[in-house]
Amino acid sequence: SLTLTPRWAVSDDASTWEVVTVQNNAANVAISATATLHSVAPMCVSGKKWVRCEFLSAGATAAAGDFKRFSYSFLTPGSC
């Protein structure tokens, strides 16, 4: 079955991306494709102009019941 692992990346120009490694990387574990994950961005990403969350997939991607759907929400500077 399909598993997904979230990974944060940052950029200053939206073309060159750097992967963020957080101190406690144990929280970024593989989840099953039918699970719901709420991933909070690490505080260190707030110093960059561009931030994205990537999902690394592994396993069979055509198994019955597997699906991939991503949604996100964000705050603009000064909105909170």
Side-chain angles (χ1 to χ4, degrees):
S1 66
L2 178 65
T3 60
L4 302 171
T5 304
R7 179 174 80 174
W8 290 93
V10 295
S11 176
D12 288 321
D13 58 9
S15 65
T16 303
W17 293 90
E18 300 171 356
V19 174
V20 174
T21 303
V22 293
Q23 201 167 24
N24 181 9
N25 217 17
N28 291 338
V29 297
I31 60 170
S32 69
T34 57
T36 299
L37 172 70
H38 297 274
S39 182
V40 178
M43 288 296 294
C44 62
V45 303
S46 63
K48 293 291 186 172
K49 186 174 181 179
W50 300 93
V51 178
R52 69 181 180 192
C53 186
E54 306 167 336
F55 290 89
L56 307 177
S57 62
T61 58
D66 282 347
F67 66 90
K68 296 180 254 184
R69 179 174 50 195
F70 309 108
S71 62
Y72 65 92
S73 60
F74 61 92
L75 298 173
T76 57
S79 65
C80 58

Q) For Trp17, which fellow cluster members are found when Ile, Leu, Val, Met, Phe, Trp and Tyr are connected by side-chain heavy-atom distances below 4.5 angstrom, either directly or through intermediates? A) Trp50

Q) Quick one: side chain to side chain donor-acceptor pair (under 3.5 Å) partners of Ser15, sequence neighbours excluded? A) Asp13

**Q.** Straight-line distance of Lys48 NZ to Ser11 OG, nearest 0.5 Å
**A.** 7.5 Å

Q: Tell me, please, which residues at least two apart from Glu54 pass side chain to side chain donor-acceptor pair (under 3.5 Å).
A: Arg7, Arg52

Q. Looking only at heavy atoms, what is the nearest atom pair of Val20 and Cys44, with distance?
A. CG1-SG, 3.5 Å

